[in-house]
Amino acid sequence: MSIPPAAETSGPSPLEGPLASFLADFHALANLAAEHSTPETSGEPLLPALTAHLGVDPRTPATLTEEISPLRTADADVALEHVIAAHGGGEQLGIGGGDQRWHNSLSEIVQYAGQHGMFPIGPVEFRTVPVGPETERSVVAFGLHLFAFDGSPVAVLQRGSNPQFGAAAKLEVLTPDREVAAAFLTQIRAAMNSHSVLRRQVVTFTSSEYGPSAGGVTFHARPAVRSGDIVLPEGTLRRIERHVLGIGAHAEALARAGQHLKRGVLLYGPPGTGKTLTVRYLVGAANDATVILLSGQSLALVSLAAETARTLAPAIVVLEDCDLVAGARNPHTSSPLLFEVLDALDGLSADSDVTFLLTTNRVDVLEPALAQRPGRVDLAVEIPLPDAPARRALLDLYAGDLAFSAQAREEVADAASGATASFVKELVRRAVLLAAEAGTPEQVGDEQLRSAVAEMMSDGEAITRATLGASAPDGVPDVFDEGESGDGTGAGWFAYAPLAGGVYRPGLQGPHASASFSADLHFEADAEDGAEGVVDPDPRRRPDGGPVGGPDAGSDGGGAPA
């Protein structure tokens with residue numbers, strides 16, 4: 001809308017003069033109030049301290065920023081301590097400003113510092129983080145380090161992660177010479193690796209509640225499992241040890257011969273046979289290795305685990321129940337995590353002393369590509385259901401000093417056909433419980449053991465057997481064996497439990513029972529005892545072509561439970 005000519009030539013409005021004067025006076029009053037209030041409400045200003053240290057106006061140099069993984073904030077704190085001490089030490093300053101600090105970079109902080117008392121010098125903020133199963137460290141969560149690096153003045157703002165504000169952990173380096181900043185960060189990275197609190201530890205990574213990234217790290221005591229606590233077919237544990245531990249022990253000889261060090265080992269078999277306990281034994285035996293345990297939701301962090309393992313080698317990355325993320329691709333479904341697993345296995349250099357140790361109850365659904373390249377999965381070993389001698393050995397292991405006779409132990413081992421190691425462990429506890437309920441807790445004997453096995457093998461204990469991975473005894477129908485399709489694959493969450501007479505079969509039987517990993521390995525029901533070779537691809541047919549449903553077939557050996 002155009003202004004009328006009369007308005008263009010007319011004089012000022014009667015209110016224009018007084019309004020302009022009022023606004024000018026109000027602005028002067030606000031500045032005067034801020035000037036007089038700053039010494040009383042704010043601390044020492046930041047800019048003069050930075051100017052005195054750097055020798056230049058801190059608002060002119062560029063800052064160089066290094067983002068730190070939330071898993072390695074303690075490593076960054078330790079590295080800063082070592083590098084700064086190696087260059088003569090320095091001092092720390094805190095920065096005030098409340099939550100507003102988290103929304104501003106160091107460059108923005110120095111630009112705004114001093115305006116209306118913003119970002120004064122304050123106390124350094126610390127945060128306690130774990131650095132071991134029973135140890136903690138106070139790390140700088142928000143603080144400024146002032147020191148000299150190779151004679152050049154440097155200021156580094158160290159801030160921890162603050163995901164609720166979308167703030168990642170960072171080191172922000174401010175110095176007049178940008179090359180000095182780059183050289184300093186190079187030394188920090190090296191010190192983070194050489195002095196890492198994760199090295200030679202057993203850890204799990206946790207997901208952030210604010211997104212899909214890692215949120216933190218949990219430290220675990222290294223397991224103390226003896227080889228005598230594990231009951232497996234003759235020679236099986238030795239084969240696993242040689243691949244997981246032996247390659248690292250002879251790394252130099254292998255490297256000189258041009259052989260790769262990275263390796264993948266798959267432990268497969270029915271639930272409750274001892275896969276996890278075998279892993280715990282290996283973790284305990286690998287004293288010098290950094291171990292990263294992934295299971296459940298943390299399997300999504302496999303890429304980060306592989307990167308960390310490569311940095312802190314020798315290392316072991318454990319993927320429990322890997323079928324959850326590494327199932328075979330088909331035209332209808334494909335897990336994005338499968339590609340992360342494959343990338344993680346392929347991304348390691350051949351000379352990386354890193355073991356990927358995978359476990360699964362469902363070897364039949366695994367992606368064949370896991371085995372199609374050396375260094376992915378190059379050893380697959382079955383952890384089978386225990387046979388009668390193995391069940392007797394498990395009874396001896398778990399019974400300890402309990403007064404069970406040799407005859408009763410033999411009878412119970414024979415009666416518990418199809419039982420897993422977890423089942424045997426629960427059997428011993430059930431016997432002790434029966435004695436306690438009878439008011440004779442100190443008199444646990446053959447009677448209680450026989451009663452316990454009769455109770456647990458009865459029809460009423462079908463659910464218990466399924467959850468412990470044991471199959472139904474001869475003549476006792478298990479209502480959870482058949483799925484809706486009638487193909488014998490199980491129903492609902494019982495689908496992973498072995499069928500009556502079902503066994504996992506390796507490619508070879510005997511003292512060296514193991515199998516090369518391939519898509520043909522799968523769960524078979526009612527296999528003939530002692531049969532050799534890979535089974536018929538149709539799991540609903542017996543090797544002789546007949547339908548599933550014959551006599552119970554056993555399998556050599558067995559393992560102690562998870």
Side-chain angles (χ1 to χ4, degrees), residues 26-68 73 76-77 79-81 83-85 87-129 137-149 152-178 180-181 184-185 188:
F26 185 83
H27 182 68
L29 178 64
N31 288 336
L32 186 63
E35 180 180 338
H36 284 273
S37 65
T38 297
E40 299 178 1
T41 62
S42 300
E44 180 183 351
L46 177 63
L47 279 181
L50 277 176
T51 302
H53 173 69
L54 296 174
V56 297
D57 186 340
R59 293 170 291 188
T60 55
T63 59
L64 192 58
T65 300
E66 180 87 356
E67 191 164 319
I68 305 297
T73 53
D77 191 79
L80 279 166
E81 181 180 288
V83 172
I84 292 174
H87 289 269
E91 63 173 319
Q92 293 180 348
L93 298 178
I95 300 177
D99 291 344
Q100 188 63 28
R101 299 170 301 167
W102 297 99
H103 300 286
N104 290 273
S105 66
L106 178 58
S107 295
E108 292 169 332
I109 287 175
V110 297
Q111 290 295 329
Y112 298 134
Q115 297 183 17
H116 307 295
M118 293 178 66
F119 305 124
I121 293 176
V124 178
E125 184 178 330
F126 290 89
R127 183 180 299 163
T128 301
V129 299
R137 177 185 176 92
S138 291
V139 303
V140 174
F142 205 101
L144 198 61
H145 301 269
L146 305 181
F147 58 97
F149 183 85
S152 299
V154 179
V156 176
L157 177 61
Q158 178 185 357
R159 65 173 86 204
S161 61
N162 209 332
Q164 61 265 43
F165 295 133
K170 294 177 183 177
L171 299 179
E172 297 172 77
V173 186
L174 182 62
T175 179
D177 189 340
R178 189 165 183 173
V180 169
F184 165 75
L185 288 177
I188 287 293

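Side-chain atoms are counted along with the backbone in the values below, which use heavy atoms only and exclude waters and symmetry mates.
Taking CG of L185 as the reference point, atom CD of E66 lies at 5.0 Å (rounded to 0.5 Å). Taken from OG1 in T73 to NZ in K170, the straight-line distance is 15.0 Å, to the nearest 0.5 Å. In this structure, the separation between CD on Q115 and CG on L47 is 9.0 Å, given to the nearest 0.5 Å.
Taking both residues in full, the closest heavy atoms of A49 and I121 are given as CB-CD1, 3.8 Å, listed atom of the first, atom of the second, then distance. The two atoms that bring G97 and P120 nearest to each other are N-CD, 4.5 Å, heavy atoms only. The two atoms that bring L54 and A155 nearest to each other are CD2-N, 4.2 Å, heavy atoms only. Contact between A62 and L174 at its shortest, heavy atoms only, is O-CD1, 4.1 Å. Between V56 and P176 the shortest heavy-atom distance is CG2-CG, 3.9 Å.
Applying the side chain to side chain donor-acceptor pair (under 3.5 Å) test to residues at least two apart or on different chains, the pairs with a partner in residues 119-129 are R101-E125.
Every residue was checked against the salt bridge (charged side-chain N to carboxylate O under 4.0 Å, His left out) condition with E91, not counting sequence neighbours, and none meets it. Residues forming a side-chain hydrogen bond (donor to acceptor under 3.5 Å, both in side chains) with T63 (at least two apart in sequence, or on another chain): S107.
A donor-acceptor pair is defined here as one N or O able to donate and one able to accept, closer than 3.5 Å; no such pair exists between the side chain of N104 and the backbone of I109. Although no hydrogens or angles enter the test, the distance criterion places a donor-acceptor pair under 3.5 Å between the side chain of T175 and the main chain of P153.
You'll find the side chain of F126 stays beyond 4.5 Å of the side chain of V139, heavy atoms only. Side-chain atoms of S105 and T65, non-hydrogen and from C-beta on, never get closer than 4.5 Å to each other. Considering only heavy atoms from C-beta on, L144 comes within 4.5 Å of L50 through its side chain. In this structure the side chain of V156 never reaches within 4.5 angstrom of the side chain of I188, judged on heavy atoms. A heavy-atom distance below 4.5 Å is found between the side chains of F142 and L157. Within the 4.5 Å cutoff, side-chain heavy atoms of E172 are placed close to those of R159. Counting heavy atoms from C-beta outward, D77 and Q158 have side chains that approach closer than 4.5 Å.
The aromatic rings of F147 and F184 sit tilted, their planes meeting at an angle between 30° and 60°.
Environment of OH in Y112: sparse, with no more than 12 heavy atoms of neighbouring residues, nucleotides or ligands closer than 6.0 Å.
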